[in-house]
Peer 1: 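If you scroll down you'll find the structure; I have some questions about it.
Below, read A as the first sequence line, B as the second, and so on, with proteins coming before strands; counting in each chain starts at 1.
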2 protein chains.
Amino acid sequence: MKIDPTHILKEHSLKHTKQRVRVLEEIALDTVAISQPELEKKLGKEIDRVTLYRILNIYEDKGILHRIMDMNGTANYAICSSACSEDHHHDEHIHFNCTNCHKIYCLDVVVPHSTMPKGFTAKTVSTTAYGICEKCNLLVKKN
Amino acid sequence: MKIDPTHILKEHSLKHTKQRVRVLEEIALDTVAISQPELEKKLGKEIDRVTLYRILNIYEDKGILHRIMDMNGTANYAICSSACSEDHHHDEHIHFNCTNCHKIYCLDVVVPHSTMPKGFTAKTVSTTAYGICEKCNLLVKKN
DNA sequence: AATATAAATGCAATTTAATTGCATTTATAT
DNA sequence: ATATAAATGCAATTAAATTGCATTTATATT
Ligand SMILES: [Mn+2]
Ligand SMILES: [Mn+2]
Ligand SMILES: [Zn+2]
Ligand SMILES: [Zn+2]
């Protein structure tokens, strides 16, 4: 995923700081989502813990990142689709949690909606799949 | 939901203690899931924090309770369907998170499976819906 | 009913995650 | 170049979760 941090920041009228650029760069490195602890491990020397929290929160608010909670209650972050805005996220794709490598993939699979019981009105639906990812399946086959 | 704590404990060869009975009683009180902090608030005087964690973990392992992580990474617990066992949970119903009252409902709605991309093998799929629950919708209409 | 023993509990201490307040630094508009 | 509002870093706090260990308790056996 090739992103332009400077452009993204300008787009959302956020001040251009080296910390904000670094966070975007780091998250864009891989196509899979990255967890807060991983980010902290990678950037902890350059960016203060608290600043990292603040940047992640503001990016989520602005619709730049979306947050995916995993099985353990850990926050994971991935770049949002271009359709996301400050008001509303449009990240209704499937999140695939690999139970082997613990990576979280944003899969381009349409989420099947199901009808809610009478009285319940759903605004967004999020689907998470647990299983073995592409890479881990290949590794298993080889051994 | 009428449950028999003593029977449940015997079924899973767990020792019958008053703490374990209380946790089951408390969770069975309501049909909606209850969060760890709520449980702690309700039982904190009778049961030690650590003991509560341990009981919840063992119940999850045994397939007595299932754990539902909410948007904020907080653990919520609900009684499992009778089909759940130590080896495998069968709680693939929809979890409805009310964005107003923050209650989590286990809805008896079939989860629609979707085909995974080539290489990805899903073992379980969990679907979470966010919106307004029955009760909150009624309250809004009244006012 | 008394006893043995393995398991469960409670408590203290530790670790980790997240938040808050405030002084200092920095980006950017003028 | 300067003003100023925003962002950062640091210290302190709050909260969640885990670990180790001494004590208590459930239950199987005598
Ligand atoms: Mn995603
Ligand atoms: Mn459920
Ligand atoms: Zn994997
Ligand atoms: Zn509600």
Peer 1: Distance check needed: D:dT23 P versus B:Asp48 CG, whole Å only.
Peer 2: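 Rounded to the whole Å, the gap is 16 Å.
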Peer 1: Give the nucleotide from the list C:dA17, C:dG10, D:dT27 with an atom nearest to the side chain of B:His16.
Peer 2: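 Nearest nucleotide to the side chain: D:dT27.
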Peer 1: Has the side chain of B:Arg20 got a donor or acceptor that lies under 3.5 Å from a partner of the other kind on the base of C:dA8?
Peer 2: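 It does not, because no donor-acceptor pair links the side chain of B:Arg20 to the base of C:dA8 below 3.5 Å.
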Peer 1: Do the two ring centres, one from B:His7 and one from B:His16, sit under 6.0 Å apart?
Peer 2: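 No, they do not, as the ring centres are separated by 6.0 Å or more.
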Peer 1: Do B:Arg49 and D:dA17 share a donor-acceptor pair, side chain to base, under 3.5 Å?
Peer 2: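 Between D:dA17 and B:Arg49, which were checked side chain against base, a qualifying N/O pair under 3.5 Å is present.
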Peer 1: Would you please confirm or rule out a distance under 4.0 Å between OP1 or OP2 of C:dA27 and any side-chain N or O of A:Thr17?
Peer 2: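 No, outside the criterion.
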Peer 1: Just the rounded figure in Å: distance from P of D:dA15 to CG of B:Asn72.
Peer 2: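 The answer, rounded to whole Å, is 15 Å.
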Peer 1: Which sits closer to the 5' end of DNA chain D, B:Lys18 or B:Thr74, going by the nucleotide each is nearest to?
Peer 2: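 Its nearest nucleotide lies further toward 5', so the answer is B:Thr74.
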Peer 1: Check the distance between D:dA17's C1' and B:Glu40's CD and give it to me in whole angstrom.
Peer 2: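 That distance rounds to 10 Å.
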Peer 1: Do A:Phe120 and B:Tyr105 have their ring centres less than 6.0 Å from each other?
Peer 2: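 So the answer is yes for these two rings.
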Peer 1: Rounded to the nearest Å, what distance is computed from the OH atom of residue A:Tyr59 to the C1' atom of nucleotide D:dA7?
Peer 2: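 After rounding, the gap between these two atoms is 12 Å.
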Peer 1: Looking just at side-chain N and O atoms, do B:Thr121 and A:Asn137 make a donor-acceptor pair shorter than 3.5 Å?
Peer 2: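 Yes, A:Asn137 and B:Thr121 have a side-chain donor paired with an acceptor closer than 3.5 Å.
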Peer 1: Given 3.5 Å as the limit, does a donor-acceptor pair link the side chain of B:Arg67 with the main chain of A:Met71, or not?
Peer 2: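 Such a contact is found between B:Arg67 side chain and A:Met71 backbone.
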Peer 1: What is the nucleic acid contact for B:Glu46, judged by heavy atoms within less than 4.0 Å: base, sugar-phosphate only, or nothing?
Peer 2: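 It contacts sugar-phosphate atoms only.
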Peer 1: For B:Arg54 and B:Leu14, find the nucleotide of DNA chain D closest to each by heavy atoms; which residue's nucleotide sits nearer the 5' end?
Peer 2: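 Its nearest nucleotide lies further toward 5', so the answer is B:Arg54.
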Peer 1: To the nearest Å, give me how far apart CD1 (A:Ile47) and C1' (D:dC10) are.
Peer 2: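 The distance from CD1 of A:Ile47 to C1' of D:dC10 comes to 16 Å, rounded to the nearest Å.
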Peer 1: Below the 4.0 Å mark, does C:dT16 have OP1 or OP2 next to a side-chain nitrogen or oxygen of A:Gln36?
Peer 2: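 So the side-chain polar atoms of A:Gln36 never come under 4.0 Å of the phosphate oxygens OP1 or OP2 of C:dT16.
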Peer 1: With both distances under 3.5 Å as the test, what is the Watson-Crick or G-U wobble partner of C:dA27?
Peer 2: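 Partner of C:dA27: D:dT4.
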Peer 1: Round to a whole Å and report the spacing from CG of B:Leu56 to P of D:dA16.
Peer 2: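 About 14 Å, once rounded to whole Å.
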Peer 1: Does the structure show a Watson-Crick or G-U wobble partner for D:dT13, both distances under 3.5 Å? Name it, or say none.
Peer 2: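 Looking at the geometry, D:dT13 pairs with C:dA18.
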Peer 1: Can you check the A:Ile58 CD1 to D:dA7 C1' distance for me, whole Å?
Peer 2: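 These atoms are roughly 9 Å apart.
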Peer 1: Using whole Å, what does the distance between atom C1' of nucleotide D:dA17 and atom CD of B:Glu60 come to?
Peer 2: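 Taking CD of B:Glu60 and C1' of D:dA17, I get 15 Å after rounding.
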Peer 1: Does the side chain of B:Gln19 get closer than 4.0 angstrom to OP1 or OP2 of D:dT25 through an N or O atom?
Peer 2: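 It does not, given that no N or O in the side chain of B:Gln19 lies less than 4.0 Å from OP1 or OP2 of D:dT25.
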Peer 1: In terms of heavy-atom contacts, does CG of B:Asp108 have more than 12 from other residues, nucleotides or ligands at under 6.0 Å?
Peer 2: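 Open.
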